[in-house]
Amino acid sequence: MDIWIASFNGGKIRELSALIQRDRPHWVIHHPQEIPGYSAPQETGNTFEENARIKVRSLAAVKPGHWILGEDSGLVVPGLNGLPGIHSAVYAGPHATDLENVNKLLKMLHLKGVTDRSAFFVCVMVSVDPQGRWLVARGELQGQIAMQPQGKQGFGYDPIFIPKGQTQTLAELGPIFKSQHSHRALAFREWLSQVDTLPVSH
Ligand code: ITT
């Protein structure tokens with residue numbers, strides 16, 4: 001079957017594509033970049049799920065009758081009252097780079113004298129299928145914020161996130177670790193199990 005990934009984030013697309021290719025190698029993956037003139041919708045929701053639904057609904061409007069899969073994700077830091085949370089992509093500004101977001105997070109922890117560096121990643125995955133049925137799945141990865149960036153793999157906040165039970169950041173642990181343990185991998189696994197219970201074959 002064909003599936004459209006409702007994302008413009010290269011890191012996410014890479015990880016999601018690898019998960020799909022691993023578990024459903026016969027699926028054909030498409031991206032919104034293939035659609036001339038299509039641009040990302042405004043993420044105006046107040047929750048990860050609302051924003052994931054906005055992305056999926058927007059792409060479904062131009063690709064009706066297809067499988068559309070989207071997700072909204074972010075890093076929640078309780079010591080910063082839950083920030084950056086749903087604002088993770090734009091924490092340091094509307095066009096912030098990953099590096100700027102990472103630096104702002106480290107700076108805020110320092111400025112506010114936060115000693116509790118615990119944090120968790122959230123991913124809420126949403127899909128709509130050709131029959132108009134919606135699925136929602138969630139994954140979380142617990143850990144803590146490193147004192148300084150380490151590692152070069154991954155994207156976003158990976159260089160400063162140390163998963164619980166590990167001594168290295170996600171950017172050091174790399175894609176194989178993330179494909180097994182990340183918030184995205186867990187949400188995908190949960191989503192796939194829901195797909196498999198739908199009363200049609202894929
Ligand atoms: P799309 O909406 O086009 O998918 P986006 O980057 O705007 O791309 P989000 O609004 O969901 O996506 O923001 C997610 C941000 O959270 C992302 O830009 C990273 O900064 C961070 N993030 C999410 N998952 C991550 C991961 O696995 N590793 C590191 N950072 C992650």
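Just follow the structure's listing: the first ligand is 1, and inside any ligand the first atom is 1. All values below come from the heavy atoms of this structure, side chains included, with hydrogens, waters and symmetry mates left out. Starting from 1, each residue takes its place in the sequence as its number.
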Item to check | Aromatic ring proximity Phe177/His181, centre distance under 6.0 Å | outcome: yes
Checklist entry - Is Ser182 reaching over with its side chain to a backbone N or O of Ser179, donor-acceptor style, under 3.5 angstrom? => result no
Checklist entry - Using the ring of each side chain (for Trp, its six-membered ring), is Phe8 parallel, tilted or perpendicular to Tyr38, with breaks at 30° and 60°? => result parallel
Checklist entry - Using the ring of each side chain (for Trp, its six-membered ring), is Trp191 parallel, tilted or perpendicular to Trp27, with breaks at 30° and 60°? => result perpendicular
Checklist entry - What residues come within 4.0 Å of ligand 1, counting heavy atoms only? => result Ser7, Phe8, Asn9, Lys12, Glu43, Lys55, Asp72, Ser73, Gly74, Ser88, Ala89, Phe121, Phe155, Gly156, Tyr157, Asp158, Lys178, His183, Arg184
Item to check | Qualifying residue for salt bridge (Lys or Arg N to Asp or Glu O under 4.0 Å) with Arg184, from Glu190, Glu140, Glu71 | outcome: Glu71
Next on the checklist: Counting only heavy atoms from other residues, nucleotides and ligands, does the tally under 6.0 Å from CZ of Arg22 exceed 12?
Outcome noted: yes
